[in-house]
Amino acid sequence: MSINFRLLSDHTGVEVTGVSLLHPLSSELRDRLYRAWLDSAVLVIRDQDLDPHQLLAAAKQFGEPLHQHNTRFQIKDCPQIHYISNQDKYDDGRRYIPGAGYHTDHSNAEYPPKATILHAKVLPKTGGDTQFVNMARAFETLDKGTREIIEGLKAEHVYQSSHSSRKLVGLTEKRKAQIEQSVVHPLVRTHDETGRQAIYINPIRIEQIIGMSNTDALPLLDRLLDHAIQPTHEYRHKWRNGDFVMWDNRVLLHKANPDYDMQEMRYLFRLMLQGARPH
Ligand code: SIN
């Protein structure tokens with residue numbers, strides 16, 4: 001089987017065909033995939049059919065799995081793998097669509113995940129794309145004045161920001177006690193593997209910018225988000241069954257789209273890989 005790499009946009013996303021993740025990769029191929037991922041931030045390996053244990057084994061070749069904060073969506077016999085489903089509900093009965101708003105994963109952790117991996121199992125006929133915006137590109141296209149303002153600023157991240165319009169599913173008391181209550185991260189982070197700088201914001205988790213009033217901080221955060229989510233910074237992933245998609249949380253914001261018929265099922269496996277402390 002020949003292995004092909006194809007860029008999916010001029011800044012984000014690379015598609016790989018002709019690779020099977022059912023068996024261990026050679027170190028040469030593993031390194032080629034990892035390099036392509038670092039360069040493109042979203043690695044899409046097509047045509048996989050992995051059960052949770054096989055997915056875990058495949059993912060471990062790229063990093064160390066990380067337990068998610070919310071344990072509710074764990075796969076019972078393989079708890080490091082979670083699921084994403086459009087059939088889940090909040091406690092009050094409303095439908096819960098995980099990730100339906102721009103965010104980066106678990107930024108309220110001292111060591112947030114470098115990567116998140118989704119593996120598509122059941123998809124709606126149309127819609128349900130994942131949108132990614134490249135925050136390194138957004139940093140590079142920011143006007144010089146704003147760049148100078150945000151370099152050196154730090155923000156406090158919490159599990160659920162009081163400013164967020166999107167509500168997360170609550171944690172159990174046990175998990176609440178286990179996770180950090182709040183952490184402080186730079187607003188511009190330097191990628192620990194590529195050295196590239198990127199804006200590091202998270203509308204659902206940032207509670208405050210340190211040393212700045214909310215009157216100044218919230219409009220600044222909104223302005224950064226508006227700048228970042230322009231189409232020119234975006235790669236929009238149209239899912240195919242069997243896609244294994246690994247993205248770089250150090251470079252991207254992402255969001256799910258609830259724009260399809262909810263009678264249809266959307267179901268994916270999910271896990272994250274340990275990252276470094278942002279600096
Ligand atoms: C997520 O935020 O991890 C979910 C993305 C998606 O379901 O498209």
Side-chain angles (χ1 to χ4, degrees), residues 8 12-13 37 41-46 48 52 55-56 59 62-63 65-75 80-90 95-109 112-135 157 159-161 164-169 171 200-206 225 228-229 234-262 264-275:
L8 293 165
T12 304
W37 173 63
V42 181
L43 174 71
V44 178
I45 306 181
R46 303 281 191 197
Q48 306 302 307
L55 175 61
L56 184 60
F62 301 110
L66 169 76
H67 275 291
Q68 292 191 195
H69 287 157
N70 202 323
T71 49
R72 176 173 148 178
F73 306 105
Q74 286 174 340
I75 301 284
Q80 280 169 304
I81 305 292
H82 285 224
Y83 68 85
I84 288 205
S85 165
N86 64 338
Q87 305 302 317
D88 267 302
K89 302 271 164 45
Y90 286 102
R95 189 182 299 276
Y96 174 59
I97 300 294
Y102 275 111
H103 65 286
T104 177
D105 287 330
H106 282 39
S107 66
N108 59 316
K114 65 176 181 180
T116 301
I117 297 171
L118 295 186
H119 178 36
K121 302 311 275 184
V122 184
L123 297 171
K125 281 196 283 297
T126 56
D129 302 346
T130 305
Q131 283 171 269
F132 296 96
V133 285
N134 189 311
M135 302 302 278
H157 296 241
Y159 179 72
Q160 170 80 74
S161 166
S164 169
S165 53
R166 188 164 76 84
K167 296 297 168 216
L168 300 169
V169 167
L171 297 171
Y200 193 55
I201 53 172
N202 193 350
I204 55 166
R205 307 242 196 234
I206 290 189
L225 184 66
I229 65 177
E234 180 187 288
Y235 163 65
R236 184 172 182 126
H237 185 66
K238 293 193 177 304
W239 288 92
R240 294 189 204 160
N241 271 322
D243 279 354
F244 169 103
V245 173
M246 177 165 85
W247 69 79
D248 191 333
N249 285 303
R250 298 164 290 190
V251 186
L252 303 165
L253 294 183
H254 63 278
K255 77 164 182 176
N257 271 281
D259 60 349
Y260 51 94
D261 179 356
M262 288 296 153
E264 290 188 67
M265 179 93 171
R266 184 176 185 274
Y267 185 93
L268 306 93
F269 291 143
R270 181 180 203 276
L271 85 157
M272 300 187 298
L273 301 178
Q274 186 66 63

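Residues: numbered from 1 along the sequence shown. Side-chain atoms are counted along with the backbone in the values below, which use heavy atoms only and exclude waters and symmetry mates. Every number for a ligand or one of its atoms is a count from 1 in the order of the listing.
Within the listing of ligand 1, atoms 2 (O) sit less than 4.0 angstrom from a heavy atom of H103. Using a 4.0 Å cut-off to heavy atoms of R270, the atoms of ligand 1 that qualify are 3 (O). Of all atoms in ligand 1, numbered sequentially from 1 with element shown, those under 4.0 Å from a heavy atom of G99 are 2 (O).
Of the possible polar contacts, one joining the N86 side chain to the R266 backbone as a donor-acceptor pair under 3.5 Å is found. Under a 3.5 Å cut-off, the side chain of N202 and the backbone N or O of T104 do form a donor-acceptor pair.
For R46 and D243, the salt-bridge test passes: some basic side-chain N is under 4.0 Å from an acidic carboxylate O.
Classified by interplanar angle (parallel below 30°, tilted 30° to 60°, perpendicular above 60°), the ring pair Y83/Y267 is parallel.
Summary of contacts: the protein heavy atom closest to atom 4 (C) of ligand 1 is I84 CD1, 3.4 Å. For atom 8 (O) of ligand 1, the closest heavy atom belonging to the protein is T130 OG1, 2.5 Å. Atom 6 (C) of ligand 1 has as its closest protein heavy atom A256 CB, 3.4 Å. What sits closest to atom 7 (O) of ligand 1 on the protein, heavy atoms only, is R266 NH1, 2.8 Å.
Across the listed options Q68, H254, Q131, H254 owns the non-hydrogen atom lying nearest to atom 2 (O) of ligand 1.
Note that R205 lies in the cation-pi zone of Y159, set by a 6.0 Å cut-off to the ring centre and a 45° limit from the axis.
Taking CZ from R270 and NE2 from H119, the interatomic distance works out to 15.5 Å, rounded to the nearest 0.5 Å. To the nearest 0.5 Å, atom OH of residue Y235 and atom CG of residue L252 are 11.5 Å apart.
Between D105 and ligand 1, not a single N/O pair is under 3.5 Å apart.
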